[in-house]
Amino acid sequence: MNESGSLDGTGVPLARVQASDGNSSLELSSQLPVFAINPWDVVLCISGTIIACENAIVVAIIFYTPTLRTPMFVLIGSLATADLLAGVGLILNFVVQYVIQSETISLITVGFLVASFAASVSSLLAITVDRYLSLYNALTYYSEKTVLCIHMMLIVTWGVSLCLGLLPVLGWNCLDDYSSCSIVRPLTKSNVTLLSASFFLVFIIMLHLYIKICKIVCRHAHQIALQQHFLTASHYVATKKGVSTLAIIIGTFGASWLPFAIYCVVGDLDYPSVYTYATLLPATYNSMINPIIYAYRNQEIQRAMWVLFCGCFQSKVSFRSRSPSDV
């Protein structure tokens, strides 16, 4: 019996699910269309549509607003672009799976998804580095050196992501060797292990940087309170709010991606495909949450939304230029 399934490049079910010894595995197929549609694929396609719409708005706002061309918003734009492409990739994956049924196009789609999600995770790391630099080197942050650093991070982010996406397209796949397949066909076990190891490295670096950011924020707040000769209740509230915000950011990222990354390492080809879908969905939801955390909460982007979609904004609301640590 065959059941359809499809995964993203970092693990997105991208192929047919074939029963093997009572268990399911993901497999590309170019057979005749099967009219039964896997509900998991429908959910992924709907998620991709929401992700694409959310992030398309952010990209449009940053692109059409000249005042949002600072390094901070360039990085947010990079994240939104990566998530937008990931959403489009999930939609294309559904179309390829149930309409086109082409093995070559399926390989291109899985490579596209790998590159998009890799760029999303890498952009999150770049934003974290930018936040740390804005606090650690506050006096020299607004300099040409920072702009050059941001541009270099963007080049590395998209360059590495593109390379990761090209690997399965250029031949690092298991189409000719079923035994080397991972839980996400057509990616090999070694390919998935590389992607998971890269994620764990990014997560550890982000966690380390956010811990250092928390220390800097607490130290600055304490110094300000001492200059006022007393520790006010607002000092503790502000410090607690800042630490809570950072905890939500890193917690959301970890909760979204860790289950899938871990399962990619410990999962086996013969495990039921439902396990892959169940761990993959939270990972896609990270791209749905990112614009809320990094864009829609920003007052300058809120004002730009008023201007872009309403042609006006509330003049009584004051807006100011903010540093990355405020976002």
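FYI, side chains are in, hydrogens and waters are out, and symmetry mates aren't considered; it's all heavy atoms of this structure.
A 4.5 Å side-chain heavy-atom check between Val184 and Leu280 finds every atom pair outside the cut-off. Contact annotation: the side chain of Asn93 approaches that of Leu113 to within less than 4.5 Å [non-hydrogen atoms, C-beta and beyond]. With a 4.5 Å cut-off on side-chain heavy atoms, Tyr178 and Leu269 count as touching.
For the side chain to side chain contact (heavy atoms under 4.5 Å, CB included) with Leu281, the qualifying choice from Ser47, Pro259, Ser256 is Ser47, the only one to do so. Only one option out of Leu124, Val58, Leu75 pairs with Tyr294 in a side chain to side chain contact (heavy atoms under 4.5 Å, CB included); it is Leu124.
Across all their heavy atoms, Asn38 and Tyr98 have their closest contact at N-OH, 3.1 Å. Closest non-hydrogen pair, Ala126 versus Met153, comes out as O-CE, 3.8 Å. Here the closest heavy-atom approach between residue Leu175 and residue Arg185 is recorded as CA-NH2, 4.4 Å. Ala295 and Ile76 make their closest contact through CB-CG2, 4.3 Å (heavy atoms, listed as atom of the first residue, atom of the second, distance). Across all their heavy atoms, Trp257 and Asn286 have their closest contact at NE1-ND2, 3.5 Å. Heavy-atom minimum distance, Thr67 versus Thr70: O-CG2, 4.3 Å.
Separating the CD1 atom in Ile61 from the CD atom in Gln302 is a distance of 9.5 Å, to the nearest 0.5 Å. For the atom pair Ile100 CD1 and Ile105 CD1, the distance stands at 4.5 Å (nearest 0.5 Å). With rounding to the nearest 0.5 Å, the separation of CZ in Arg303 from CE in Met305 is 14.0 Å. The distance from the CD1 atom of Ile293 to the OG1 atom of Thr252 is 4.5 Å, given to the nearest 0.5 Å. The structure places OG of Ser196 at 12.0 Å from OH of Tyr263, a figure rounded to the nearest 0.5 Å. If you take CZ on Phe94 and CG on Leu90, they are separated by 11.5 Å, rounding to the nearest 0.5 Å.
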Next on the checklist: Does Leu194 form a side-chain contact (heavy atoms from CB on, under 4.5 Å) with Leu167? I'd like the steps, not just the answer.
Outcome noted: CA-CA 11 Å; Leu194 172 64; Leu167 290 178; 4.2 Å; yes
Checklist entry - Which is it for Trp172 and Leu166 under the side-chain contact (heavy atoms from CB on, under 4.5 Å) test, yes or no, and what are the steps along the way? => result CA-CA 9 Å; Trp172 200 5; Leu166 286 175; over 6 Å; no
Next on the checklist: As a quick check of understanding, evaluate side-chain contact (heavy atoms from CB on, under 4.5 Å) for Leu107 and Asn173, giving each step before the final call.
Outcome noted: CA-CA 9 Å; Leu107 273 176; Asn173 57 66; 4.0 Å; yes
Checklist entry - Does the pair Tyr285 and Ile51 meet the rule for a side-chain contact (heavy atoms from CB on, under 4.5 Å), with working shown? => result CA-CA 8 Å; Tyr285 290 158; Ile51 290 169; 5.8 Å; no
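One hydrophobic cluster, built from ILVMFWY side chains closer than 4.5 Å, holds both Val74 and Val156. Linking Ile, Leu, Val, Met, Phe, Trp and Tyr whenever their side-chain heavy atoms come within less than 4.5 Å leaves Val169 and Val110 in two separate clusters. Under a hydrophobic clustering in which Ile, Leu, Val, Met, Phe, Trp and Tyr are joined whenever their side-chain heavy atoms come within less than 4.5 Å, directly or via other members, Phe117 and Ile108 fall into different clusters. Cluster membership check: Val274 shares its hydrophobic cluster with Ile183, using side-chain heavy-atom separations under 4.5 Å among Ile, Leu, Val, Met, Phe, Trp and Tyr. Both Val43 and Met288 belong to a single network of hydrophobic side chains, linked directly or stepwise wherever heavy atoms of I, L, V, M, F, W or Y lie under 4.5 Å apart.
The aromatic rings of Phe253 and Phe199 sit tilted, their planes meeting at an angle between 30° and 60°. Using bins of under 30°, 30° to 60° and over 60° for the plane-to-plane angle, the ring pair Trp40/Tyr277 lands in the parallel bin.
The side chain to side chain contact (heavy atoms under 4.5 Å, CB included) check on Ser120 picks up Leu79, Ala82, Asp83, Ser287, Asn290, with sequence neighbours excluded. Annotation: side-chain hydrogen bond (donor to acceptor under 3.5 Å, both in side chains) contacts of Ser198 (sequence neighbours excluded): none. Not a single disulfide bond (SG atoms under 2.5 Å apart) links Cys45 to another residue, sequence neighbours left out.
By the 4.5 Å side-chain criterion applied to Ile, Leu, Val, Met, Phe, Trp and Tyr, Leu84 is assigned to a cluster that also includes Val59, Val88, Leu92.
With hydrogens and angles ignored, the 3.5 Å screen pairs no side-chain donor or acceptor of Arg297 with any backbone N or O of Pro291. Put simply, the side chain of Thr65 never gets that close to the backbone of Ile62: no donor and acceptor are under 3.5 Å apart.
In the displayed structure, Tyr296 atom OH is contacted under 6.0 Å by more than 12 heavy atoms of other residues, nucleotides or ligands. Sparse packing is recorded around OH of Tyr275, with 12 or fewer heavy atoms of other residues, nucleotides or ligands lying under 6.0 Å away. Enclosure of atom CG in Asp176 is not indicated, since only 12 or fewer non-hydrogen atoms of other residues, nucleotides or ligands lie within 6.0 angstrom.
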Anything under 3.5 Å between a donor and an acceptor, one on a side chain of residues 203-214, the other on a protein residue two or more places apart or in another chain? List them.
| from | atom 1 | to | atom 2 | distance (Å) |
| --- | --- | --- | --- | --- |
| Tyr210 | OH | Arg131 | NH1 | 3.2 |
| Lys212 | NZ | Tyr132 | OH | 3.2 |

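Every pair passing disulfide (SG to SG under 2.5 Å) that includes a residue from residues 117-177 is listed here, sequence neighbours excluded: Cys174-Cys181.
For the 3.5 Å distance criterion, the side chains of Ser180 and Thr188 fail to qualify, holding no donor opposite an acceptor.
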